[in-house]
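What follows is one structure encoded as structure tokens, with my remarks underneath.
For reference, positions follow the sequence shown, starting with 1. Whatever order the structure lists them in is the order used to number ligands and atoms, beginning at 1.
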Amino acid sequence: MPRRALRNVDPALDISAHFFPMGDSSPSWTPERWFKGNAPIELEVGSGKGLFLANAAAGSQDRNFLGIEIASKYARFAAARLARLGLTNAVLLCGDGKRFIRDCVPSASLAAIHVYFPDPWWKARHKKRRLLNASFVQDVERILTPGGALHFWTDVQEYFTTGLAVIAASTSLAGPFEPPARPAEHDLDYRTHFERRTRLHGQPVYRAEFRKPLR
Ligand SMILES: C[S@@+](CC[C@H](N)C(=O)[O-])C[C@H]1O[C@@H](n2cnc3c(N)ncnc32)[C@H](O)[C@@H]1O
């Protein structure tokens, strides 16, 4: 399914407290810049339009939410959504989530990692570009706190099966557990925009959750 063109972000809206470009050189782990206080942090990789971050941050004020999105126009759009809602516990980093996780995120520092509808890279020769590979899931295991969760949802059954196999072969994460599906109660009551459009098209969503063992 192709993506619809994005609305422009209102240039008068101040997104400076919600949008942080990582830049090409030495991105760093600076939660004190992003959040007030030191509540547990959850990370979403590939935030798209930011629906998950907005709903999760509004619903869990006792947690901080960090989104990382590689496409600048989507990162700005998502940051604008957070700014308009006045959320102080969610921000967007613009950059490569794989690199950020590998090079910047300290071990045992995140309460949860969310990966929703990662790009499927359909062609066989492009599959190596997929986000979920052995080194990514090993990094995920390293940066989760004991008891922390990895959430992986997709509409691509083959990616789901391969992703679960990679997690089983490369990590000690417990799972997969299947979170229950529930009916949407309003138009934006979905985990993400991709979940919304998949379900509105009557297509299945494959959901899995994993937990890092306590010790
Ligand atoms: C198919 S979209 C899904 C967006 C959103 N998660 C949703 O479910 O609506 C995948 C998103 O991941 C982003 N992305 C792809 N590779 C990335 C990477 N290495 N780091 C951060 N974001 C990435 C893409 O730009 C795109 O916005």
Salt-bridged, R130 to E158, with N to O below 4.0 Å? yes

E69 and R76 ion-paired at < 4.0 Å: no

Quick one: do R211 and E209 make a salt bridge, cutoff under 4.0 Å? yes

State whether the shortest distance between N or O atoms of D96 and N or O atoms of ligand 1 falls below 3.5 angstrom. yes

If hydrogens are left out, which of L51, I70, D119 has an atom nearest to atom 17 (C) of ligand 1, that is, the closest non-hydrogen atom? I70

Please report whether ligand 1 has a polar contact with V45, defined as an N or O pair separated by less than 3.5 Å (distance criterion only). no

Do the two ring centres, one from Y116 and one from F52, sit under 6.0 Å apart? yes

Nitrogen or oxygen atoms of S47 and ligand 1 under 3.5 Å apart: no

Any N or O of G46 closer than 3.5 Å to N or O of ligand 1: yes

N/O to N/O below 3.5 Å, does that happen between Y74 and ligand 1? no

Should F194 be counted as touching ligand 1, given the test is an N or O pair under 3.5 Å? yes

Pair D139 + K98: basic N to acidic O under 4.0 Å: no

